[in-house]
Amino acid sequence: MAANGWQRVKVIDSHTGGEPTRLVVSGGPDLGRGELADRLNEFRQHHDSFRSAVVNEPRGSDVVVGALLCEPVDATCAAGIIFFNNVGYLGMCGHGTIGLVATLAYMNRITPGEHRIETPVGVVSAVLHENGKVTVNNVASYRSAANVAVKVPGYGEVRGDVAWGGNWFFLVRKHDLSLTLKNVDELTTFTWAIRTALRESGISGDHRKEIDHVELFAPSQIPGVDSKNFVLCPGKAYDRSPCGTGTSAKLACLYADGKIKEGQVWKQESIVGSVFEGTVRVKDNKIYPSITGSAFVNAEAELILNPQDPLCMGIRV
Ligand code: PYC
């Protein structure tokens, strides 16, 4: 920290299919050298204001996903990473991992090939392709409950699958809304009502973990693309990308229903029209999704945390 008390934080911004990732490259909190899950606890308990300073207004916005670059415990990993957003932390983030890999390439820290990355929910690997695309080989994903009914005030009964793709999702196929950008307010209100109803009905992921992402599906109008989605993120922003962990959860459900086979490519369009390609690999009866997309670096900056600024640590929800 400088004599004037200012903390300088170097960040590199990218977007993956429209969804931003702000990577903190230096100037972040020292979380020690423990496992990433322990470092995430340290971050949450003792440095949460730093999270807010990086992603919340006035420096950021509800849609920005932050990522703290960490030294990995395992030296075979290219990086450790902790993802966070306007309200808290993410176990894993697919679009963010694609953004991380594109940013590490921009920093000349990696070259095309496969790289291991430590996250709080386990090690994932990612392939940087020669054409700049990135494939994330995600953690094992699965459906924990199929066709679950929840009564949503103002909407009636809504049915969906509960699935894990690195975060917990409620995936809804049958609904009356049109998945278009014009409808984002209505889609947000509906999915937020579903999330609230799930919590109030005691419907959760495993170990009573809150289902904090809700996903709606509809057919895509793009030839050759299988599906379009709208994904509500934990802090009420919607994912501009097709959501890497959400597409992983979808793939796990499709595989469980016999609708895709191992290796078959599923193309998932986002609400803004960007597309991820997903496949699954099955090992020891577990489903491992791989998600391919592109990210582009669009800013390099130094954040200034001036303690004299009353909103230095961001506007907190
Ligand atoms: O791509 O996994 C994802 C993600 C989660 C929240 C926002 N994006």
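What you see is a predicted model; the values in this text were computed from it and never measured. We count ligands from 1, going down the list as the structure has it; atoms in each ligand are counted the same way.
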Query raised in the report: Is it true that atom NZ of Lys10 has more than 12 heavy atoms of other residues, nucleotides or ligands lying nearer than 6.0 Å?
Result: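 Counting neighbours around NZ of Lys10, more than 12 heavy atoms of other residues, nucleotides or ligands fall under 6.0 Å, so yes.
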
Requested in this report: Answer yes or no on whether Arg240 is positioned over the face of Tyr238, meaning its NZ or CZ is under 6.0 Å from the six-membered ring centre and within 45° of the axis.
Outcome: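 So Arg240 does make the cation-pi contact.
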
Query - Residues Arg22 and Asp13 bridged, charged N to O under 4.0 Å - result: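 Here Arg22 pairs with Asp13 in a salt bridge, since their nearest N and O are under 4.0 Å apart.
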
Query raised in the report: Under 4.0 Å between a Lys/Arg side-chain N and an Asp/Glu carboxylate O for Lys250 and Asp161?
Result: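 A salt bridge is absent here (no side-chain N lies under 4.0 Å from a carboxylate O).
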
Query raised in the report: For atom 7 (C) of ligand 1, what's the nearest protein heavy atom and its distance?
Result: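 Answer, as residue, atom name and distance: Asp239 OD2, 3.2 Å.
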
N or O contact, [X] vs ligand 1, cut-off under 3.5 Å:
X: His95; answer: yes
X: Gly94; answer: yes
X: Thr245; answer: yes
X: Glu19; answer: no

Report task. State the atoms of ligand 1, each with its element, that fall below the 4.0 Å cut-off from a heavy-atom position in Gly244. Result -> 1 (O), 2 (O), 3 (C)

Query raised in the report: How about Glu269 and Ser220: does a side-chain donor come under 3.5 Å of a side-chain acceptor?
Result: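 Their side chains do contain a donor-acceptor pair, which is all the 3.5 Å distance test asks for.
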
